[in-house]
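All remarks here apply to the structure that follows.
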Amino acid sequence: MTRVTEQCGPGFAPDVLFPDWDPAMLAAHRDLMIPDCYNVAEGRFIASIHSWVIRTRHHTILVDSCAGNHKNRPALPRFHQLDTPFLARLAEAGVRPEEVDFVLCTHLHVDHVGWNTRLHDGRWVPTFPNATYVFSRAERDQWMGPAGRDGFNAGVFADSVLPVIEAGQTRFVEDLGSIGDAVQFHPTPGHSVGHTAIELNVGDAVGLFSGDIMHQPLQVMRPDWNSRFCEDAERARASRRWLLDNASERRATVFTSHFAASSAGKVTRTAAGFRWTFL
């Protein structure tokens, strides 16, 4: 398992990211959050934007594809007109774009699909020419409509999803079901209408790729906290609870999308609820 980082740095202020923010939680979990996950000087969380590379016996798989270069995102300065060495970092991890067999998108938000495409001769083309891109049909239906032309995710479908559909390189989670005997999909709606968690099985070991079910480690202890971007509050909480229950009962490693530090860890059940430990 390899993490390929596009960027890592200060993100949202706590009361901006979490409508139910309670400062006592940061005080209670300082050792977990500081310095890797919370920037005290700026008063903001630290958020990582990265992909995970999975190599099975038969396939090379990329989970989520960050924000991408040269994308026009004026409403989201962190993602606007980036010029990062993401593909060079992917090469350092031993993967060339043409070697990727599957790109799995947990959902179709701006920071999870950007490297689906790259700019070539003035047009957007699939970055991974031999890959099958997999995402939920419900996500496709939502973002190809008016929601994809307005709001924070405006323009993302047009430049980062539609080109791979037009290239005939897409499959839907609902149709694919699994990839071989190692990778399975779990519907986890709430953050977005078609959000999907991904399960990896290697022998007796289990990995869970959580996408945006959680944005910061404090949500492990406070699974009732939704981010400002969760579309359906109750379904988001139910999906988060499913993840925590599943990870703790099966001793799974959870591979997160935005936790800083190692971005991976274990969930254990406690008398008070759950605890997170970074690997």
Side-chain angles (χ1 to χ4, degrees), residues 1 3 11-12 14-15 17-38 45-48 50 52 54 63-64 104 106-107 112 173 178 181-192 195-279:
M1 193 70 52
R3 179 184 63 181
F12 289 104
D15 58 347
L17 182 61
F18 296 126
D20 298 320
W21 170 246
D22 178 1
M25 286 299 294
L26 181 62
H29 299 284
R30 287 183 63 87
D31 290 347
L32 174 66
M33 298 298 296
I34 300 170
D36 292 325
C37 298
Y38 186 77
F45 289 119
I46 298 170
S48 178
H50 54 262
W52 292 103
I54 303 171
V63 178
D64 287 334
L104 310 183
T106 58
H107 61 301
H112 293 260
V173 166
S178 64
D181 56 1
V183 178
Q184 299 177 353
F185 303 98
H186 296 279
T188 49
H191 176 70
S192 64
H195 191 285
T196 302
I198 297 161
E199 177 179 331
L200 174 67
N201 294 279
V202 181
D204 294 331
V206 177
L208 292 170
F209 296 82
S210 59
D212 278 3
I213 292 175
M214 302 183 295
H215 284 77
Q216 288 290 332
L218 291 178
Q219 287 177 282
V220 176
M221 285 69 74
R222 289 298 302 267
D224 57 311
W225 283 4
N226 286 327
S227 81
R228 61 178 291 198
F229 298 106
C230 289
E231 297 177 8
D232 186 318
E234 291 310 310
R235 295 180 87 187
R237 291 185 182 105
S239 291
R240 197 171 303 116
R241 185 74 193 205
W242 171 86
L243 175 76
L244 297 173
D245 284 337
N246 201 294
S248 61
E249 290 171 7
R250 302 173 71 190
R251 300 180 181 179
T253 298
V254 180
F255 298 94
T256 71
S257 289
H258 298 303
F259 290 16
S262 69
S263 305
K266 295 283 190 177
V267 175
T268 51
R269 193 181 294 274
T270 69
F274 298 96
R275 180 177 67 243
W276 174 265
T277 304
F278 278 106
L279 297 179

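Proximity of T106 to H195: side-chain heavy atoms (C-beta onward) are separated by under 4.5 Å at one or more points. Considering only heavy atoms from C-beta on, N201 stays 4.5 Å or farther from D181 through its side chain. For the pair L244 and M214, the minimum side-chain heavy-atom distance is below 4.5 Å. Side-chain contact between V183 and L104 is present, with heavy atoms from C-beta onward closer than 4.5 Å. Taking 4.5 Å as the limit, every side-chain heavy atom of F259 sits out of range of all side-chain heavy atoms of D36. Between F45 and L17, some side-chain heavy-atom pair lies under the 4.5 Å cut-off.
One distance of note links OG of S227 with CG of D20; it measures 11.0 Å at 0.5 Å rounding. The distance from the CZ atom of F274 to the CZ atom of R269 is 4.0 Å, given to the nearest 0.5 Å. The line from CD of E234 to CG of D224 is 10.0 Å long, rounded to the nearest 0.5 Å. The NE2 atom of H258 sits 13.0 Å away from atom SG of C37, with the distance rounded to the nearest 0.5 Å.
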Practice task
Test side chain to side chain contact (heavy atoms under 4.5 Å, CB included) on I54 and F209 and set out the steps.
Solution key: CA-CA 11 Å; I54 303 171; F209 296 82; 3.6 Å; yes
Exercise for the section: Kindly determine whether F185 and I198 satisfy side chain to side chain contact (heavy atoms under 4.5 Å, CB included), including the steps that lead there. Expected result: CA-CA 5 Å; F185 303 98; I198 297 161; 4.0 Å; yes
Practice task
Would you please test H191 and C230 for side chain to side chain contact (heavy atoms under 4.5 Å, CB included) and show each step?
Solution key: CA-CA 4 Å; H191 176 70; C230 289; 3.6 Å; yes
Problem - Criterion side chain to side chain contact (heavy atoms under 4.5 Å, CB included) on N246 and H186, from CA distance to verdict - result: CA-CA 11 Å; N246 201 294; H186 296 279; 5.6 Å; no
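In this structure, H50 contributes its side chain and T256 its backbone to a donor-acceptor pair below 3.5 Å. Under a 3.5 Å cut-off, the side chain of S262 and the backbone N or O of L279 do form a donor-acceptor pair. Between the Q216 side chain and the I46 main chain, a donor and an acceptor come within less than 3.5 Å of each other. In terms of modelled atom types and a separation under 3.5 Å, the side chain of R240 and the main chain of P223 share a donor-acceptor contact. A distance-only check finds a donor-acceptor pair linking the side chain of S239 to the backbone of P189 [under 3.5 Å]. Remark: the backbone N or O of A197 is paired with a side-chain donor or acceptor of T188 at under 3.5 angstrom. When atom types are taken as modelled, the side chain of E199 and the backbone of Q184 share no donor-acceptor pair closer than 3.5 angstrom.
Counting non-hydrogen atoms of neighbouring residues, nucleotides and ligands closer than 6.0 angstrom, the CZ atom of R30 reaches no more than 12 such neighbours. At most 12 non-hydrogen atoms from other residues, nucleotides or ligands lie less than 6.0 angstrom from CG of D204.
The aromatic rings of F229 and F12 lie tilted to each other, with the angle between the two planes from 30° to 60°. Using cut-offs of 30° and 60° for the angle between ring planes, the F18 and W21 rings count as parallel.
Not counting sequence neighbours, the partners of S257 by the side-chain contact (heavy atoms from CB on, under 4.5 Å) test are D64, H112, D212. In terms of the side-chain contact (heavy atoms from CB on, under 4.5 Å) criterion, residue partners of A182 (sequence neighbours excluded) are, by chain and number, T56, L200.
The two residues N226 and A236 have their closest heavy-atom pair at OD1-CB, 3.4 Å.
Taking the six-membered ring wherever Trp is involved, the centroid distance between the rings of W276 and H29 does not fall below 6.0 Å.
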